[in-house]
Amino acid sequence: MSIITTLKQSKKIHQSALGHTDEVQKPKHISKKSAALIRAKRKQQIETSQLIASILKGEITSLSQAITLIESSAEKHQNQVREIIAECIQHSGNSLRIGITGVPGVGKSTFIESFGKLLTEQGKKVAVLAIDPSSSVSGGSILGDKTRMEELVNNPLAFIRPSPAGKSLGGVARKTRESIILCEAAGFDIILIETVGVGQSETAVHSMTDFFLLLKLAGAGDELQGIKRGIIEMADAILINKSDGKNKEAALKAKQEFNRALHLYPPKQSNWKPKVKLTSALENEGIEEVWKMILAYEAFTKENAYFFKNRMTQNKQWMLQSIEEQLKNNFFNDESVKKELSIQLKKAENNEISPFEAAAYLLGLK
Ligand code: GDP
């Protein structure tokens, strides 16, 4: 619903709620209360439309403020977020969304710093978002905090936002997706979404990006060991980082091994052949080649229409996942479910009731 329709509707409510009828005179205190509520609602709507207007102008403080609302679980903020997204989504979709994953220490933030610098020097606006579902457990975020990417943090063309906290990956991912929309509406050309790959977080990042980068280190020869097969399948490019100094030779060998391995995988839906590149994020080597490769990918997938098809598929996935997330939240936040859940869990644990029967009972409460 557009903000204008909402304002019109609220005006209608305003009129009808305060409208007098000849027969029934409303008690004075109720009228005062509802008038105050309506005033508060209108104030919020005006604030929301001002926020939207300044996001669309690219004002970073408003963008940050709106992302803070996304991260809030208060219902009134969620309603506000829905209005903001509904407007901003019409101005979104124009960026290139790049996913970046790799274990801690591989050089993600150093890479993003170098890569971001290259892009901003070309006048591009770069947003860095993160998905780190572990941040709610550890209490602090491994990704996107202010001590990392020190140069980029102070670059006026860059915007860095740490991973939102959340109990579930689904919740964290939804918040990041909504943030992408706002960043795009604020005119960001490139959105980098980073993850350390905890749980299924690579899959989440893959499902919201156009291009997926996997950062690796050269090891002792058995490069493919310990890598989840799924990640290789998702990657559009593998960067062997820290290809400098004494590491250079091992990095070259790793590149050959990955290239050989990639031949064994079935072709990707995009028809793009994943590439292996050597980089030194620290010494700024190979970074420009990575950007050229991503541009080549963009041109290739726009030419064969995969780029657009993929975004359409992702939209469908986002919608279905939002429904799942909402249903789960509604269920677990229900008061009667909250009361009964631990009782039924205990019973199921002790074999006093079958888990299926307990689940059916709880589902029946809602
Ligand atoms: P992240 O945890 O993946 O974000 O990794 P960081 O970017 O924080 O890097 C971890 C460490 O590796 C830091 O001490 C970096 O300076 C170092 N590092 C990152 N990239 C390179 C590189 O290309 N070459 C070398 N030699 N060191 C690097």
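All ligand and atom numbering here is 1-based and tracks the order in the structure. Computation of the quantities below employed the complete heavy-atom set of this structure, encompassing side-chain atoms and omitting hydrogens, waters and symmetry-equivalent molecules.
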Open item on the list: If we check side chain to side chain contact (heavy atoms under 4.5 Å, CB included) with Ile52, which of these qualifies: Ile85, Leu182, Ile84?
Closed with: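 By the side chain to side chain contact (heavy atoms under 4.5 Å, CB included) criterion, Ile52 pairs with just one of Ile85, Leu182, Ile84: Ile84.
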Task: Identified side chain to side chain contact (heavy atoms under 4.5 Å, CB included) counterpart of Ile100 within the set Leu239, Leu214, Leu213 - done: Leu213
Open item on the list: Just to be sure I read this right, does ligand 1 sit under 4.0 Å from the backbone of Val196, its side chain, both, or neither, counting only heavy atoms?
Closed with: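 Under 4.0 Å from ligand 1, Val196 contributes no heavy atoms.
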Can you sort out which atoms of ligand 1 are near [X], meaning under 4.0 Å from one of its heavy atoms?
X	answer
Asn241	20 (N), 21 (C), 23 (O)
Asp244	22 (C), 23 (O), 24 (N), 25 (C), 26 (N)
Val103	3 (O)

Task: Residue pairs fulfilling ring-ring contact (aromatic ring centres under 6.0 Å, His included) with at least one residue in residues 330-366, sequence neighbours excluded - done: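 Pairs touching residues 330-366 that pass the test: none.
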Taking distance alone, with N or O pairs closer than 3.5 Å, would you say [X] contacts ligand 1?
X	answer
Pro104	no
Thr110	yes
Ala281	yes
Ser109	yes

Task: Lys/Arg-Asp/Glu bridge criterion (N-O < 4.0 Å) met for Glu349, Lys346 - done: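 A salt bridge links Glu349 with Lys346.
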TODO: Check whether any heavy atom of Ile112 sits under 4.0 Å from an atom of ligand 1.
DONE: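 No heavy atom of Ile112 comes that close to ligand 1.
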TODO: Return yes if some donor-acceptor pair links the side-chain N/O of Thr110 with the main-chain N/O of Leu282 below 3.5 Å, else return no.
DONE: no
- [ ] Give the single entry among Lys246, Lys108, Glu283, Lys242 that approaches atom 12 (O) of ligand 1 most closely by any heavy atom.
- [x] Lys242
- [ ] Name all residues meeting the side-chain contact (heavy atoms from CB on, under 4.5 Å) criterion together with Ala185; count only those two or more places apart in sequence or in a different chain, and write none if there are none.
- [x] Ile55, Leu56, Cys88, His91
Task: Residue Glu303 excluded, over 12 heavy atoms near CD under 6.0 Å - done: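 For Glu303, atom CD is not crowded (no more than 12 foreign heavy atoms under 6.0 Å).
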